S.K.: 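Please see the structure below; I have some questions.
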There are 2 protein chains.
Amino acid sequence: MSAGDVADDLREELSARQVDLVRVTYRLIATRGIRRLSLQEIADAAGVSKALLLYHFGRKEALVLATMRWVLVSAERHIRRAIDGARTPDEAIDAMVDAIFTSAEENLRFYRTQLDLLDHALDQRDDHFERLSLSYRTIVNALYEEVVSRGVRAGSFQARDVAEAATVLRAIVDGLFLQWLQEARPADAHSRYRDVCKRAIMAYLRDPGG
Amino acid sequence: MSAGDVADDLREELSARQVDLVRVTYRLIATRGIRRLSLQEIADAAGVSKALLLYHFGRKEALVLATMRWVLVSAERHIRRAIDGARTPDEAIDAMVDAIFTSAEENLRFYRTQLDLLDHALDQRDDHFERLSLSYRTIVNALYEEVVSRGVRAGSFQARDVAEAATVLRAIVDGLFLQWLQEARPADAHSRYRDVCKRAIMAYLRDPGG
DNA sequence: TCCGGCTGTCTGACCGGTCAGTCAGGAGCC
DNA sequence: GGCTCCTGACTGACCGGTCAGACAGCCGGA
């Protein structure tokens with residue numbers, strides 16, 4: 001699969017009205033999770049009728065899919081900007097982790113959405129979600145690989161296999177978020193997890209001889 | 001919270017019949033996820049009536065809870081045995097990861113269940129699932145801490161903070177499983193992820209001076 | 001040995017509620 | 001009139017949970 005195909009999978013044309021509705025949907029995901037979120041609840045929150053959602057998106061699944069696409073595109077852009085602005089490999093890691101750990105509120109929404117996406121993707125019946133999940137994973141892994149390989153070339157990082165290192169970085173980030181989500185008071189623990197994440201990645205990548 | 005409290009949360013008395021039903025339920029989770037699994041489907045798979053499930057467990061939630069408890073207790077015992085049999089810190093990591101990466105089929109079931117547990121735990125309304133999730137997390141983290149601190153005392157591992165290292169180990173394991181779950185052909189990738197897991201943990205813990 | 005009552009296990013039929021999706025039609029605008 | 005945007009009322013499917021009662025085994029008494 002080429003990068004073009006992946007990007008195509010994420011690209012989508014949404015009208016201004018649709019973006020409004022997608023935004024409302026996204027805001028609600030954190031509290032209930034998509035599965036428990038009825039169209040009626042979304043409609044109420046948006047101040048419109050339930051039928052309007054179906055008018056604009058046809059099916060609930062399409063609304064959910066559009067919401068996820070919208071979120072993932074934003075996330076990718078956000079991380080991309082962060083690493084592009086960094087001048088050294090260490091700075092890139094720092095900026096990237098900062099870009100990922102934005103705020104407790106935002107991360108709660110984002111990872112809840114990610115979990116919902118995974119849930120849908122694991123349902124093999126649903127090809128759309130599976131492909132969306134794959135697209136996002138491919139894109140993000142490429143970002144991680146870029147950061148690692150820059151560091152390896154600069155002699156700051158050690159990695160026997162850049163792709164594997166990217167996978168591990170991804171695992172550290174996602175795994176920490178999984179635990180963070182379960183904290184009794186996520187907001188209080190947010191900055192601590194961000195620091196743990198930075199230290200863990202550095203410990204993993206740091207060249208002992210460097 | 002003392003270790004006793006945690007263990008109490010996991011302990012439960014199940015009749016032989018209940019264990020039968022729990023086993024059937026667990027077997028079905030991998031394919032559909034608990035949420036999409038109706039009592040009728042479980043009953044059909046078990047060859048009994050739906051009403052029987054309610055007779056033995058009262059509510060669907062209780063059946064799900066019992067299934068999760070049963071699975072988590074088994075998992076904890078399994079890991080515990082693995083690390084107890086190891087003679088060196090490196091061997092302990094190796095045995096532990098092997099104990100976690102049992103087989104593609106089993107891991108699919110287990111992590112699907114974990115995701116379902118997380119999903120329920122994030123629904124703040126549901127105190128039972130939140131506490132079960134906490135109990136399991138506490139127990140597993142203690143196991144990880146034990147392995148790390150043994151290695152630190154033996155001079156094999158380096159860790160500025162044992163609890164933090166345990167968190168990171170957990171993140172690596174869980175994060176890798178998250179990605180493994182999304183692989184196109186999980187069965188084929190299983191042993192590769194297991195090896196990546198071992199290497200990642202070793203790279204993270206390895207004392208550069210050792 | 002037979003009988004009547006009791007208990008624990010199990011079931012089919014049914015109920016109430018929820019929810020995605022349909023449809024006929026209204027309001028404003030060109 | 002025709003178009004887009006929008007709505008309230010409705011439908012059909014599904015699902016968790018209830019309930020009255022069936023059935024088998026057991027126990028104590030005659």
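A, B, ... follow the sequence lines: proteins, then strands. Residue 1 opens every chain. Remember, it's a predicted structure, so these values are computed and weren't measured experimentally.
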S.K.: Separation of B:Leu52 atom CG from D:dA22 atom C1', in whole Å?
M.R.: 14 Å

S.K.: Take the protein atom CG of B:Asp44 and the nucleotide atom P of C:dT11, then report the distance between them rounded to whole Å.
M.R.: 11 Å

S.K.: Between A:Arg36 and B:Asp119, does any NZ, NE, NH1 or NH2 come within less than 4.0 Å of an OD or OE carboxylate oxygen?
M.R.: yes

S.K.: Tell me whether the side-chain N/O atoms of A:Tyr55 come closer than 4.0 Å to OP1 or OP2 in D:dC5.
M.R.: yes

S.K.: Measuring centre to centre across the rings, with the benzene-like ring taken for any Trp, is B:Phe110 within less than 6.0 Å of B:Phe177?
M.R.: no

S.K.: If the condition is ring pair (Phe, Tyr, Trp, His ring centres under 6.0 Å), which residues does B:Tyr204 pass it with, not counting sequence neighbours?
M.R.: none

S.K.: With A:Arg109 as the cation and A:Tyr26 as the aromatic partner, state whether NZ or CZ is under 6.0 Å from the six-membered ring centre and within 45° of the axis.
M.R.: yes

S.K.: In whole angstrom, give the distance that lies between atom CZ of B:Phe57 and atom C1' of C:dT9.
M.R.: 14 Å

S.K.: What is the distance from CD1 of B:Ile34 to P of D:dG16, rounded to the nearest Å?
M.R.: 12 Å

S.K.: Could you check how far CD of B:Gln18 sits from P of C:dG8, rounded to whole Å?
M.R.: 14 Å

S.K.: Can you tell me if A:Gln18 uses its side chain to pair, donor with acceptor, with the backbone of A:Ser15 under 3.5 Å?
M.R.: yes

S.K.: Just N and O in the side chain of B:His56: are any of them under 4.0 Å from OP1 or OP2 of C:dG8?
M.R.: no

S.K.: Just the table, please: protein N/O against nucleotides 19-24 of chain C N/O, every pair under 3.5 Å.
M.R.:
unit_1, atom_1, unit_2, atom_2, d
C:dA20, OP1, A:Lys60, NZ, 2.9
C:dA20, OP2, A:Leu39, N, 2.9
C:dA20, N7, A:Lys50, NZ, 3.1
C:dG21, OP2, A:Lys60, N, 2.7
C:dG21, N7, A:Lys50, NZ, 3.3
C:dG21, O6, A:Lys50, NZ, 2.6

S.K.: Please evaluate residues B:Arg80 and B:Glu146 with respect to the criterion salt bridge (charged side-chain N to carboxylate O under 4.0 Å, His left out), reporting the C-alpha separation (whole Å), side-chain torsions for both, the decisive distance (0.1 Å), and the verdict.
M.R.: CA-CA 10 Å; B:Arg80 158 64 55 195; B:Glu146 194 182 317; 3.0 Å; yes

